[in-house]
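Inspection log for the structure reproduced underneath, given as structure tokens.
Counting begins at 1 with the first residue of the sequence.
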Amino acid sequence: MNKHQITLSTIFFLLNINLILSQSITISPEIFKNAIGNWHGSLTYLDYSSNQPYTMPANVKVEQISGTNNFIFTNIFPKEMGANSTDTLTISENGKMINKKNIRSIQKHENVNTEIITEYLDVDGNDDKPAIIRHTYVVGDNILIMRKDVQFVKETEWIKRNEFSYTREPLECK
């Protein structure tokens, strides 16, 4: 076995241990029901070319598909309308996964925000290097954050790939 295979085997082993330890962690779709509505904020992402962060305005509308654990995120980028997109966030029926990724941790903070973290092994970067991918979701009455961090195999530092950071749009008075 070469060093690369040993490293990958070690990572798979650690992720499997993490999976076993996290099997009792479950969430309810109620957490993301708190995100339903219109939000405004920004997207910051790591520009692969310059290796520098870039921030742009971003808005999102969150809706739940009736009778399901699926939430639709309609992403709107006011200054780059061609980048607009729609994503679906799916909570598994047993509440142990988000978008088919195992939940590693869930924490409720004093300020009533809930933080959920998923982690999995995949590839990332322009050269598709093996990495641990971490998605962090923070949901509260007036805050919604979705962040992707990456830790490449044989590295110790986490790299923030992107972060959507929103505050709830105020209700219009009529």
Same cluster (ILVMFWY, side-chain, under 4.5 Å), Trp39 and Met56
yes

Linked hydrophobic residues, Ile143 as query - side chain contacts closer than 4.5 Å:
Val138, Ile145

Is a salt bridge present between Asp124 and Lys129, judged by a nitrogen-to-oxygen distance below 4.0 Å?
no

On a heavy-atom basis, which atom in Pro78 and which in Ile76 lie closest, and how many Å separate them?
CD-O, 3.4 Å

Any pair with a residue in residues 77-89 that passes side-chain hydrogen bond (donor to acceptor under 3.5 Å, both in side chains), sequence neighbours left out, goes on the list, sorted by first then second residue, please.
Asn75-Ser85, Asn75-Asp87

CZ of Phe152 to NZ of Lys154, rounded to nearest 0.5 Å, is 14.0 Å

The reported gap from CD in Gln107 to CD1 in Ile25 (rounded to nearest 0.5 angstrom) is 9.5 Å

With the 4.5 Å side-chain cut-off for hydrophobic clustering, are Val150 and Leu46 part of the same group?
yes

Taken to the nearest 0.5 Å, the spacing of Thr55 OG1 from Leu43 CG works out to 7.5 Å

Compare every heavy atom of Thr156 with every heavy atom of Gln151, then report the nearest pair and how far apart it is.
NE2-O, 2.9 Å

In Å, rounded to the nearest 0.5 Å, how long is the span from OG1 of Thr118 to CD1 of Ile98?
6.0 Å

Are Ile31 and Ile117 connected in a single hydrophobic cluster, I mean Ile/Leu/Val/Met/Phe/Trp/Tyr linked by side-chain heavy atoms less than 4.5 Å apart?
no

Would you check if the side chain of Gln64 reaches a backbone N or O of Ile36 as a donor-acceptor pair within less than 3.5 Å?
no

Please list all pairs passing the salt bridge (charged side-chain N to carboxylate O under 4.0 Å, His left out) test where one or both residues lie in residues 54-64, with sequence neighbours left out.
Lys61-Glu63

With a 3.5 Å distance limit and no angle check, can you tell me whether Thr26 reaches the backbone of Gly95 through a side-chain donor-acceptor pair?
no

Is there a path of hydrophobic side-chain contacts, each under 4.5 Å between heavy atoms of I/L/V/M/F/W/Y residues, joining Met146 to Ile106?
yes

Nearest heavy-atom pair of Pro53 and Thr44: which atoms, and what distance?
CB-CG2, 4.0 Å

Atom pairs and distances, side-chain donor-acceptor, residues 66-73, under 3.5 Å, sequence neighbours left out:
unit_1: Thr68; atom_1: OG1; unit_2: Ile65; atom_2: O; d: 2.7
unit_1: Thr68; atom_1: OG1; unit_2: Asn70; atom_2: N; d: 3.1
unit_1: Asn69; atom_1: ND2; unit_2: Ile91; atom_2: O; d: 3.4
unit_1: Asn70; atom_1: OD1; unit_2: Thr90; atom_2: OG1; d: 2.8

Could you measure the distance from the CZ atom of Phe77 to the OG atom of Ser42? Nearest 0.5 Å is fine.
10.5 Å

Please tell me if the side chains of Lys148 and Arg134 come closer than 4.5 Å, counting only heavy atoms from C-beta onward.
no

Can you classify the ring geometry of Tyr120 versus His135 as parallel (below 30°), tilted (30 to 60°) or perpendicular (above 60°)?
parallel

Would you say Met97 and Ile103 make side-chain contact, with heavy atoms under 4.5 Å?
no

Any Phe32 side-chain heavy atom under 4.5 Å of Ile27 side chain:
yes

Any sub-3.5 Å donor-acceptor pair from Asn34's side-chain atoms to Gly140's backbone N or O?
yes

The salt bridge (Lys or Arg N to Asp or Glu O under 4.0 Å) partners of Asp149 (sequence neighbours excluded) come to Arg147

Taking salt bridge (charged side-chain N to carboxylate O under 4.0 Å, His left out) as the cut-off, I'd like each qualifying pair that reaches into residues 42-55, sequence neighbours left out, listed once.
none

May I have the step-by-step check of side-chain contact (heavy atoms from CB on, under 4.5 Å) for Glu115 and Thr136, ending in yes or no?
CA-CA 7 Å; Glu115 179 184 80; Thr136 303; 3.8 Å; yes

Out of curiosity, does Leu89 fall in the hydrophobic cluster containing Ile116 (side-chain heavy atoms, cut-off under 4.5 Å, transitive links)?
yes

Would the distance check show the side chain of Asn99 and the main-chain N or O of Lys101 forming a donor-acceptor pair, the cut-off being under 3.5 Å?
no

